[in-house]
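After the structure tokens below, expect a handful of questions from me.
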Number of protein chains: 2
Amino acid sequence: MENPPMIGKNIQKFRGARGLTLNVLSERSGVSKAMLSQIESDKVNPTVATVWKIAKGLGVELQDLLDMETQPKRIFSLNPASEVTSKLEKTKNGVTIQILSPLSMVEDLELYLLTFEPHASLPSEPHFPGTQEFLTVIKGTVKVTAGDNSAEIRKGDFLMYHCDVEHTITNESAQPAVVHMVVRYTPDRK
Amino acid sequence: MENPPMIGKNIQKFRGARGLTLNVLSERSGVSKAMLSQIESDKVNPTVATVWKIAKGLGVELQDLLDMETQPKRIFSLNPASEVTSKLEKTKNGVTIQILSPLSMVEDLELYLLTFEPHASLPSEPHFPGTQEFLTVIKGTVKVTAGDNSAEIRKGDFLMYHCDVEHTITNESAQPAVVHMVVRYTPDRK
DNA sequence: AAACTATGTTCAATATACTAAACATATACG
DNA sequence: CGTATATGTTTAGTATATTGAACATAGTTT
């Protein structure tokens, strides 16, 4: 960031996405309608406490309002050119799946970056027996269910599980979530 | 966060770590000494723009000052209890290495969370031939050198490289960095 | 000890964030 | 059409964030 963040557009975006009016957001956040209007048009330099109240009223984290436009995620390799990395990116039902690992490693070891919109879910069929998944939560909170077991993990947490059963990753919260996933296929096919 | 962030302690921590006086930070940030004093003792609710100036003066990101105490990173497993996950954590030369993967997977597939203090570096000897490392930058910017090649990657970026040569990950910036690392040993020992 | 320097705190003045109420504009409704 | 409702903007007043200067305190120097 070269300049102080202009958060007006961010707030407007979240408020619009939720279909909230200034009056409603004012009630929910405890910030006056007039102030909201001025902040959204960047006419004032709001206080941290005020922006925090607005974030709570919108159901997002303070960070989400302060972030400038998110930088594009880049994929690099120091390996010989033969091993090309992929830039595939699919979005389905509010879940964006970005494949980090090269195509040559498919069904061996795969790395993904998963971005969940609020209340988005990613269900998966059982994989080959012995397959495992390793999750590291980068942002937000998600709930993971694999067979009969489930766990709720949040930013910074790590979770591993066998995924040769039906398994689902769900973002039950009203805030976006980002998860790093490693899939390891049939590790012990000795 | 249940309450608006109290950022006084955070600023004091960074300022102390850099050995800066209020006067010096005032000059660097363009925020008056009086204001800095009051913010550090949480007597006022500073403006976002003001906190941003202070962050720039300290050479950190706005986020670093707003973060409350970072939650402890937890490690979970949905697998049978036989597969125990580790909680090992080593700090050396400003780099904290947290092993995420269980000990049973050592020298097969290993997952780490690396936290770099400003200007900290993690050099490594060559691993077995064919070994590869996969990095995803979670926070900040790091420079990776493997043999003759090198690249600078930032938050959100992904990088893979063969690490059967000497390789180093360095945080050259004045801000902390966090990197997710996957090490895959000898993938093609067919 | 007195005088000087360096650091952080408080004070009085000013700029501005923030609020409640009035205003503008549009759409629905009789 | 006129009235009512719903939305966002502007206005005037108040609370407070911010500042330069004075103050307090401790450590050094002579």
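Just so we're on the same page: letters track the sequence lines, and every chain starts at 1.
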Hey, could you give me the CG/CZ distance between Leu111(A) and Phe134(A), rounded to the nearest 0.5 Å? 10.5 Å
Indicate, with a heavy-atom threshold strictly under 4.0 Å, whether Lys53(B) touches base, sugar-phosphate, or nothing. nothing
Pair Glu172(A)-His119(A), side chain to side chain donor-acceptor pair (under 3.5 Å): steps then yes or no: CA-CA 5 Å; Glu172(A) 294 181 338; His119(A) 306 297; over 6 Å; no
Just to verify, which of Leu100(A), Ile97(A), Ile75(A), Ile99(A) counts as forming a side-chain contact (heavy atoms from CB on, under 4.5 Å) with Leu113(A)? Leu100(A)
Separation of dA20(C) atom P from Leu36(A) atom CG, nearest Å, is 12 Å
Atom CD of Glu40(A) and atom C1' of dT10(D) are separated, to the nearest Å, by 15 Å
Please determine if Glu61(A) and Lys155(A) form a salt bridge, counting it only when a charged side-chain N lies under 4.0 Å from a carboxylate O. no
Residue-phosphate contact under 4.0 Å: Ser37(A) side-chain N/O, dT10(D) OP1/OP2: no
From NZ of Lys33(B) over to C1' of dT19(D), roughly how many Å is that when rounded to an integer? 12 Å
Whole angstroms only, please: what is the CE-P distance between Met35(B) and dG20(D)? 12 Å
Of the residues in residues 12-32 of chain A, which ones touch DNA chain D at a heavy-atom distance under 4.0 Å? Arg15(A), Thr21(A), Leu22(A)
Counting only side-chain N and O atoms of Thr50(B), is one of them less than 4.0 Å from OP1 or OP2 of dT18(D)? yes
Say whether Thr21(B) and Asn23(B), considering side chains only, have a donor N or O and an acceptor N or O under 3.5 Å apart. no
Separation of Lys43(A) atom NZ from dG8(D) atom C1', in whole Å? 10 Å
Nearest whole Å is fine: how far is dT10(C) P from Ile39(B) CD1? 15 Å
Thr170(B)-Ser121(B) side chain donor-acceptor pair, cut-off 3.5 Å: yes
With sugar-phosphate meaning primed atoms plus P, OP1 and OP2, does Ser41(A) contact a base, only sugar-phosphate, or nothing at under 4.0 Å between heavy atoms? nothing
Please tell me whether His127(B) and His162(B) form a close aromatic pair, meaning their ring centres lie under 6.0 Å apart. no
Provide, to the nearest angstrom, the distance between the CG atom belonging to Asn45(B) and the C1' atom belonging to dT16(D). 9 Å
With respect to the side chain of Gln38(B), which nucleotide from dT10(C), dA17(C), dT10(D) is positioned closest? dT10(C)
